[in-house]
Amino acid sequence: MKVKVISRSTDEFTRERSQDLQRVYHNYDPNLRPQEKAVEYVRALTAAKLEKIFARPFIGALDGHRDGISCMAKNPNYLKGFFSGSMDGDIRLWDIANRRTVCQYSGHQGAVRGLTVSTDGRILVSCGTDCTVKLWNVPVATLTDSDDSTDNSSEPLAVYVWKNSFWAVDHQWEGDLFATAGAQVDIWNHNRSQPINSFQWGTDTVISVRFNPAEPNVLATTASDRSITLYDLRMSSPARKVIMRTKSNSISWNPMEPMNFTAANEDCNCYSYDSRKLDEAKCVHMGHESAVMDIDYSPTGREFVTGSYDRTIRIFQYNGGRSREIYHTKRMQRVFCVKFSCDASYVISGSDDTNLRLWKAKASEQLGVLHPREQRKHAYHEAVKNRYKHLPEIKRIVRHRHLPKPIYKAASLRRTMMEAERRKAERRKAHSAPGSIVTEPVRKRRIIKEVE
Amino acid sequence: YPYIYNRDGTELHCLKEHGAVLKLQFLRNHFLLASINKFGQLRYQDVTMGEIVGNFRTGLGRTDVMRVNPFNGVVSLGHSGGTVTMWKPTTAAPLIKMLCHQGPVSALAFHPNGHLMATSGKECKIKIWDLRKYEVLQTLPGHAKTLDFSQKGLLAVGTGSFVQILGDFSGSHNYSRYMGHSMVKGYQIGKVSFRPYEDVLGIGHSMGWSSILVPGSGEPNFDSWVANPFETSKQRREKEVRSLLDKLPPETIMLNPSKIGTVREAKKKEKPTKQEREAEMEAAVEAVKGFVWKNKTKGRNKPSKKAKKKQELVAKAKRPFLDQQLKGEQS
């Protein structure tokens, strides 16, 4: 009778030469791995702690401007090129990778209020408080050539003077029209020295304007009468308006869901709306302690970054009420403009202290080319952290952020105030006739009305 | 005392806290050394840092039957009253106490999948238990000085100088005799132990150590990341570092290790009945009434004011109960 016993020959299981790889054998039987869930939990804990250790989001500051930065523009065709305009009329083109100025455009007399780049990336449009719109040439060759270190300034391609000072400008995503915001909304063509069309609803100044990424004829504006207005270029008058309790400083359309936009409001919140249904906000993003000045969506459409008057930058998820990340530095004063880079990995902020700052979108990300083993390890850490992120110890570590003292105090003060208000409203409701007091959801509470 | 030695034989540590130890067991994933001493005290020590994690008096006397369940990391002891208790390092009372035999328990073994336990008593019975329902699956006649399960589920029973190997071949937890091996007449078997990943059974006896081949007892396919019989010294070093990084805290030892990360069941709070509530209200009012007042001086000790104050306090004490009643009526 033949009896079979386990017999392993060493040459099958050991390598012949030291240049060969070691053979790996797998057996996925769970009996061989006892207490798998506990091991995964411990790994999730270590991964959360490692993420905190490696979280260094600040990459560098680009200085050069002599006055606070009021607006920024990103070039859709070149990842490295960013434009920034300051309060003294100085416009610069920056090479983000080398952190230096490529080109400097001077000519504006007052503050530069709006910057935008045309669809092909060759023309920069700027507008300012001196009632002019200037078109500049973007030096495409010098952008790609990184050895060039001379700052050359150029003359504007065209200067259009108009009746009132301008507050913002935006270019169509596909097309050659751009819109400026001032006393009214004007639509311009590159070659005409006068606007080809003009919209007005009410008598207040329009503060910001944004074109829809998917529909080239739809644009949204905010005005100082606390309203957000939607326009369609094919119609002769503005389409729809929603009036809120406080004014919105800026709007950004979600590039992946172009019917949704998010407005950065003075009451420290950001409101996401569906442009088809403006009577209720889709989501209210709370977190900032002071007015939110600027907002920009990531090209993935999943997150957006906001810069606020309280000297911090927050990154929110497109459907989340609380911020995922908060960035602050002692030297960064009031943040007036933020932009998400076109590859969704960096955030650039321009602030009052004349510096542009470059941050990582994911604070603990390892930059550069990763070995496939490193990529797999990062993916494993992410997956195991997500699996156990609701357990208390891990949640505490993942959620924790160090806040500067003034922000922390302001946040706790705000919390106590809102708690007190909520409690009082609850008691009022409890002690009045059932049904006489109706609580409005937060999404509706800040909207006064929608006007056709 | 237990001592810890180096690979070369040098004594590294003398573990004085453990006392006169009868049996030692090691929990691999948690790096805990569990010991039971002649006074019946169970101690857990973390061997990486050397701190004593738990020190419990079992209260059931001297015993030298101790085994670690590899599936969930609980240590189980067999006592002279026939009870088997299971312990974890964070609680002073045993998790489970089960009466297994009518005489003292002589040996204990766990199946690697964590569902089966084999116990043997001095009254000549070997019982196979299901650990999920804590019921006997099978009772076999026979003495056993030592028991061990192999990776594939074969059970080795050693008594005197005879080893029996039982296996369940139909998969229905019906253990029947597979092999037997008798050694030279005078040899007394002390301990049997299956070798992992090999078809070998090691027998420790009074005259030394011998090993026999048992076909079908070891796991033929090993996983290189779990245990590699052919590992190089470099791989061993890496494995040691990684296992230290994955060291489990002692709080993760529980009877059902897959409960980590699941939702805890909501405990239903029993509402006190109406009588109980009234009794509570009365008790609160009595407490307030029984309060001794300090008599105020300088003409502030008016009886009308005292009475008003007392009434206010009684109303305040009653208010939460009345609120609860209102809420209950409303909902």
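Here the structure is a predicted model, which means the values were calculated and not measured. Heavy atoms only: backbone and side chains are in, while hydrogens, waters and symmetry mates are out. Proteins come first, then strands; the chains are lettered A, B, ... in the order of their sequence lines, and each starts at number 1.
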Residue [X] versus chain A: region with a heavy atom under 4.5 Å:
X        : answer
B:Thr232 : side chain
B:Phe71  : backbone
B:Leu245 : backbone

Which atoms of [X] come close to chain B, meaning under 4.5 Å heavy atom to heavy atom: side chain ones, backbone ones, both, or neither?
X       : value
A:Val3  : side chain
A:Thr10 : both
A:Leu32 : both
A:Val39 : both

Between [atom1] of [X] and [atom2] of [Y], what distance do you get to the nearest 0.5 Å?
X        : Y        : atom1 : atom2 : value
B:His115 : A:Asn31  : NE2   : CG    : 7.5 Å
A:Glu40  : B:Leu248 : CD    : CG    : 11.5 Å
B:Ile260 : A:Glu36  : CD1   : CD    : 11.5 Å

Give the intermediate values and the outcome of side-chain contact (heavy atoms from CB on, under 4.5 Å) for residues A:Asp29 and B:Glu219. CA-CA 10 Å; A:Asp29 186 6; B:Glu219 172 65 58; 4.2 Å; yes
Does atom [atom1] ([X]) have a neighbourhood of more than 12 heavy atoms from anything else shown, all under 6.0 Å?
X        : atom1 : value
A:Arg401 : CZ    : yes
A:Arg15  : CZ    : yes
A:Arg399 : CZ    : no
B:Glu240 : CD    : no

Keeping B:Asp199 on the side-chain end and A:Ile6 on the backbone end, is there a donor-acceptor pair under 3.5 Å? yes
Heavy-atom donor-acceptor pair, B:Asp223 side chain to A:Asn27 backbone, under 3.5 Å: yes
Angle between ring planes, B:Phe230 versus A:Phe13, binned at 30° and 60°: parallel, tilted or perpendicular?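 The rings of B:Phe230 and A:Phe13 lie parallel, inter-plane angle below 30°.
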Pick from A:Arg23, A:Arg33, A:Gln35, A:His390 with the largest number of heavy-atom pairs that fall under 4.5 Å of chain B: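 It is A:Gln35.
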Most contact-rich option vs chain B, by heavy-atom pairs under 4.5 angstrom, among A:Thr14, A:Leu391, A:Val24, is A:Val24
Can B:Glu198 and A:Arg8 be said to form a side-chain contact (heavy atoms from CB on, under 4.5 Å), step by step? CA-CA 9 Å; B:Glu198 297 285 349; A:Arg8 298 192 188 97; 3.3 Å; yes
With a 4.5 Å cut-off on heavy-atom pairs, point out which of B:Pro70, B:Ala227, B:Gly114 contacts chain A the most. B:Pro70
If you tally heavy-atom pairs under 4.5 Å against chain A, which of B:Asn29, B:Val226, B:Thr252, B:Asp246 wins?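 Looking at each option in turn, the highest pair count goes to B:Asp246.
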Less than 4.5 Å apart, side chain to side chain, heavy atoms only: is that true for B:Asn72 and A:Pro34?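 Side chain of B:Asn72 against side chain of A:Pro34, heavy atoms only: no contact under 4.5 Å found.
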One pair to check against side-chain contact (heavy atoms from CB on, under 4.5 Å): A:Tyr25 and B:Asn221. What are the steps and the verdict? CA-CA 8 Å; A:Tyr25 292 90; B:Asn221 307 311; over 6 Å; no
